[in-house]
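Below: the structure, in structure tokens.
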Amino acid sequence: MSDSDDLFVRHDPIFAQKELLEINHLPDEGRIVGRDEEMKNLANAVNPAIFGQSPSNVLIYGKTGTGKSLCAKHISQRLVDTAHEEGVDASFAYVDCAQDSTETQAVQTIAAALNEQIETNIKIPDKGIATSTYYKRLWQILESRYDVVLVILDEIDKLEDDEILMQLSRAGEAGKVHNCKIGVIGISNKIKYKEKQLNERVKSSLCEREFVFPPYDGNQLNNIMEARRDAFRDGVLEDGVIPRAAALAAKEHGDARQAIDILRYAGEIAQSRGVSKVTEEFIVDAREQAETDRFRELLRGSTPHSRYVLQALTILSLNDGDGDGYRTSDIFEVYEEVCRQEGANSLSLRRVRDLLKEHAFLDITEQSRQSGGSAEGSYTEHRLLEDPEVVRDVLVDTIE
DNA sequence: CCTCCACAGGAATTTGCGGGGT
DNA sequence: ACCCCGCAAATTCCTGTGGAGG
């Protein structure tokens with residue numbers, strides 16, 4: 001800071017190691033806070049893999065930002081390392097089922113993650129071949145390279161069917177794979193996932209062990225953020241900042257990811273204002289920004305019509321504030337108007353129903369079934385879960 | 001208990017695209 | 001070159017449903 005003879009800025013005045021605040025950053029073990037019990041349980045479940053035996057299949061429940069993926073990845077990595085020391089060839093594959101929601105995409109990702117083309121001489125193309133071909137190649141890879149493999153299926157409830165779970169659990173028995181054990185770690189944030197139409201044999205094999213990750217409390221959030229203090233330069237963070245952010249995040253959902261986002265945005269706000277300290281009053285803005293950002297992320301990649309539908313609902317919500325729910329047919333009418341203005345052909349009512357359902361699935365809206373009673377029929381009402389103003393703003397600059 | 005309405009939502013199918021294997 | 005595969009988007013057709021009032 002005091003190198004006054006420097007012509008150029010030699011370093012970031014706020015951040016020292018910004019990577020520590022990236023969502024995907026995997027901290028070293030000392031930095032995982034408040035999940036000791038969970039880590040122990042997980043380790044215990046997969047432990048047999050170290051001796052080349054079958055690990056237990058695991059299902060992890062918990063809301064977003066409770067450290068599910070983090071712990072799963074961390075344990076898997078540790079397991080692979082330890083197994084190596086014992087002379088066992090182990091590896092793990094991580095699949096984000098929100099991204100790879102079909103059976104084929106999921107197998108492809110697993111196979112690609114475990115493959116090493118130079119070594120196996122097996123090609124795993126991104127797409128274009130039959131699902132069964134992916135399986136055949138995957139089994140080949142497993143046979144030739146590994147003794148034991150862990151498959152992490154994150155957001156497993158986003159998977160369209162459980163065929164892949166069937167295949168994985170059956171691989172050994174059906175003689176597809178002889179010398180390689182497979183363990184599955186499923187991660188879900190919908191508690192009712194298991195009940196909801198899971199094939200009976202999949203259910204029993206997948207759910208050998210079940211763990212629930214509770215939300216973090218204010219104290220733990222505080223520690224989590226404290227552990228990443230090194231992301232900032234010395235003296236940049238004022239004392240009250242972390243406790244304040246922790247309290248705010250704990251009040252909402254106990255979501256660690258959001259807490260860390262808030263911290264990062266607070267730093268960025270300081271940066272853009274050209275000040276050298278992060279103070280408490282930045283926190284409120286930072287939280288707002290974290291939320292807008294999360295929402296923008298949800299909408300990224302959605303089709304124009306999906307956005308028009310959302311826009312229709314937003315228009316309705318803005319026009320009468322008291323509104324607690326609008327029925328599909330009303331939304332559809334506004335939607336048709338939106339389409340006219342945008343110069344697009346409107347889709348069928350049936351399709352719009354599906355689009356609305358998708359929004360509900362992403363927790364952008366909420367649906368509830370209503371009944372009008374006598375000869376009034378039954379219908380579904382939709383309401384926005386986010387602030388309509390925020391939605392409108394995000395929609396406006398997403399459409400460009 | 002039955003009816004009646006206004007929908008919900010499942011099933012089947014089409015279209016069009018990107019990208020295989022041989 | 002040709003045919004096959006997966007998949008998303010969308011349509012069409014159709015059956016299912018909740019509950020107040022008869």
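Throughout, a chain's letter reflects where its sequence line sits, starting with A, and its residues are numbered from 1.
- Considering only heavy atoms from C-beta on, A/Asn41 stays 4.5 Å or farther from A/Arg209 through its side chain.
- Between A/His305 atom NE2 and C/dA8 atom C1' the separation is 14 Å, expressed in whole Å.
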Walk along nucleotides 16-22 of chain C from 5' to 3' and tag each nucleotide B, S or - by protein heavy-atom contact under 4.0 Å, base first, then sugar-phosphate. BBBBBS-
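- Per the geometry, CZ belonging to A/Arg353 stands 14 Å off P belonging to B/dA6, to the nearest Å.
- A donor-acceptor pair under 3.5 Å is absent between the side-chain atoms of A/Glu342 and the main chain of A/Val338, judged by distance alone.
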Please table the atom pairs, donor to acceptor, closer than 3.5 Å between any side-chain atom in residues 111-119 of chain A and protein atoms at least two apart or in another chain.
unit_1, atom_1, unit_2, atom_2, d
A/Asn115, OD1, A/Thr120, OG1, 2.6
A/Asn115, ND2, A/Ile122, O, 2.7
A/Glu119, OE1, A/Arg145, NH2, 3.4
A/Glu119, OE2, A/Arg145, NE, 3.2

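- The side-chain contact (heavy atoms from CB on, under 4.5 Å) test applied to A/Ala245 returns A/Met225, A/Ile262, A/Ile283, not counting sequence neighbours.
- Geometric assessment of A/Arg353 against the ring of A/Phe332 yields a negative cation-pi assignment under the 6.0 Å and 45° thresholds.
- Within a heavy-atom distance below 4.0 Å of DNA chain C, the residues of residues 106-140 of chain A found are A/Ile129, A/Ala130, A/Thr131.
- Listed by first and then second residue, the ring-ring contact (aromatic ring centres under 6.0 Å, His included) pairs that reach into residues 82-126 of chain A come to none, sequence neighbours excluded.
- The base of B/dG10 sits with one of its N or O atoms less than 3.5 Å from a complementary donor or acceptor on the side chain of A/Arg350.
- Within the 4.0 Å cut-off from OP1 or OP2 of C/dC7, at least one side-chain nitrogen or oxygen of A/Thr104 is found.
- In this structure, the helix from B/dC1-C/dG22 to B/dT22-C/dA1 shows an angle of 40° between the axis at its start and the axis at its end, each fitted on 5 base pairs and rounded to 10°.
- Residue pairs meeting the ring-ring contact (aromatic ring centres under 6.0 Å, His included) criterion with at least one member in residues 134-189 of chain A, sequence neighbours excluded: A/Tyr135-A/Trp139.
- Atom CD of A/Gln105 is separated from atom P of C/dC7 by 6 Å (rounded to the nearest Å).
- Among residues two or more places apart in sequence or in another chain, the side-chain contact (heavy atoms from CB on, under 4.5 Å) test is passed with A/Ser329 by A/Arg327.
- Following rounding to the nearest Å, A/Leu349 (CG) and B/dA8 (P) show an atom-to-atom distance of 7 Å.
- Between A/Ser348 and C/dT12, a side-chain N or O to OP1/OP2 separation shorter than 4.0 Å is absent.
- Within residues 329-340 of chain A, no residue has any heavy atom closer than 4.0 Å to DNA chain C.
- Of the side-chain N and O atoms in A/Arg327, one or more sit less than 4.0 angstrom from OP1 or OP2 of B/dC7.
- Under the side-chain contact (heavy atoms from CB on, under 4.5 Å) test applied with A/Leu153, the options A/Leu165, A/Thr109, A/Ile187 reduce to a single match, A/Leu165.
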Determine, step by step, whether A/Glu291 and A/Arg287 satisfy the salt bridge (Lys or Arg N to Asp or Glu O under 4.0 Å) criterion, reporting the C-alpha distance in whole Å, the side-chain angles of both residues, the deciding distance to 0.1 Å, and the verdict. CA-CA 6 Å; A/Glu291 228 166 68; A/Arg287 193 199 63 114; 3.4 Å; yes
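- Atom CD of A/Glu163 is separated from atom P of C/dG6 by 12 Å (rounded to the nearest Å).
- For residues 239-276 of chain A, no residue pair satisfies the ring-ring contact (aromatic ring centres under 6.0 Å, His included) rule, not counting sequence neighbours.
- With hydrogens and angles ignored, the 3.5 Å screen pairs a side-chain donor or acceptor of A/His359 with a backbone N or O of A/Ser306.
- Among residues two or more places apart in sequence or in another chain, the ring pair (Phe, Tyr, Trp, His ring centres under 6.0 Å) test is passed with A/Phe213 by none.
- Under the 4.5 angstrom side-chain criterion for Ile, Leu, Val, Met, Phe, Trp and Tyr, the cluster partners of A/Val88 are A/Val148.
- Closest approach to the A/Arg351 side chain among B/dA8, C/dA8, C/dA10 is made by C/dA10 (side chain taken as heavy atoms from C-beta onward).
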